[in-house]
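Read the structure below first, then the notes.
Just so you know, these numbers come straight off a predicted model, no measurement behind them.
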Amino acid sequence: LHPSGEFFALINNREVFLATRGGIIEGSRADLEGGASFRGCAWAPDGSRLFVSSSKGFVEQYRLTGRKLERAERLL
């Protein structure tokens, strides 16, 4: 759940996207570089970034612009 409480992030094996109770937010999808792992995702406390664990052993970082995720540098 995003810190604002307005939407949440979901991951599958290929992408991360945003949704509300009403469904997927159009244009919010972003590709995963390393595939998702079972550990999931977490928002930065200010809601500006999303961190997603990778099946390849690194953490992918996404910037939130409006209601769109943009891949940023990955973390070790």
Side-chain angles (χ1 to χ4, degrees):
L1 181 64
H2 186 266
S4 70
E6 295 179 17
F7 52 89
F8 49 91
L10 296 167
I11 56 175
N12 62 28
N13 288 333
R14 297 180 313 262
E15 61 189 357
V16 58
F17 52 93
L18 304 175
T20 66
R21 291 178 124 190
I24 296 170
I25 297 172
E26 245 350 272
S28 70
R29 296 175 186 265
D31 292 334
L32 290 170
E33 180 182 346
S37 76
F38 68 94
R39 298 185 196 272
C41 58
W43 289 101
D46 68 359
S48 65
R49 292 171 292 149
L50 179 69
F51 303 94
V52 178
S53 62
S54 163
S55 61
K56 293 188 177 180
F58 55 85
V59 174
E60 295 186 47
Q61 181 178 190
Y62 295 84
R63 278 190 224 87
L64 180 65
T65 304
R67 288 194 168 188
K68 180 179 180 180
L69 294 169
E70 298 173 350
R71 191 177 346 172
E73 62 277 356
R74 67 177 167 166
L75 308 173
L76 298 177

Cluster check Ile25, Leu64: I/L/V/M/F/W/Y, side chain < 4.5 angstrom: yes
CG of Leu69 to CD of Glu60: how many Å apart, nearest 0.5 Å? 11.5 Å
Take a 6.0 Å sphere around CD of Glu70 and say whether it holds more than 12 heavy atoms from other residues, nucleotides or ligands. yes
Is any side-chain heavy atom of Arg67 closer than 4.5 Å to a side-chain heavy atom of Thr20? yes
Residue pairs passing the ring-ring contact (aromatic ring centres under 6.0 Å, His included) test where at least one lies in residues 1-29, sequence neighbours excluded: His2-Phe7, His2-Trp43
Taking all non-hydrogen atoms of both residues into account, name the closest pair between Leu10 and Ala19 and its distance. CD1-CB, 4.1 Å
Contact check, side chains of Val52 and Val59, non-hydrogen atoms, under 4.5 Å: no
Counterpart residues, salt bridge (Lys or Arg N to Asp or Glu O under 4.0 Å), relative to Arg74 (two or more places apart): Glu33
Run the side-chain contact (heavy atoms from CB on, under 4.5 Å) test against Glu73 and tell me which residues pass, sequence neighbours left out. Gln61, Arg63
Mind checking side chain to side chain donor-acceptor pair (under 3.5 Å) for Arg29 and listing every partner two or more places apart, or none if nothing turns up? Glu15
Using the side chain to side chain donor-acceptor pair (under 3.5 Å) criterion, which residues pair with Asp31? Sequence neighbours excluded. none
Of all residues at least two apart in sequence or in a different chain, which pass the side chain to side chain donor-acceptor pair (under 3.5 Å) check with Ser48? Asp46
Working to the nearest 0.5 Å, report the span between OH of Tyr62 and CG of Leu18. 11.5 Å
Taking all non-hydrogen atoms of both residues into account, name the closest pair between Val16 and Leu32 and its distance. N-CG, 4.2 Å
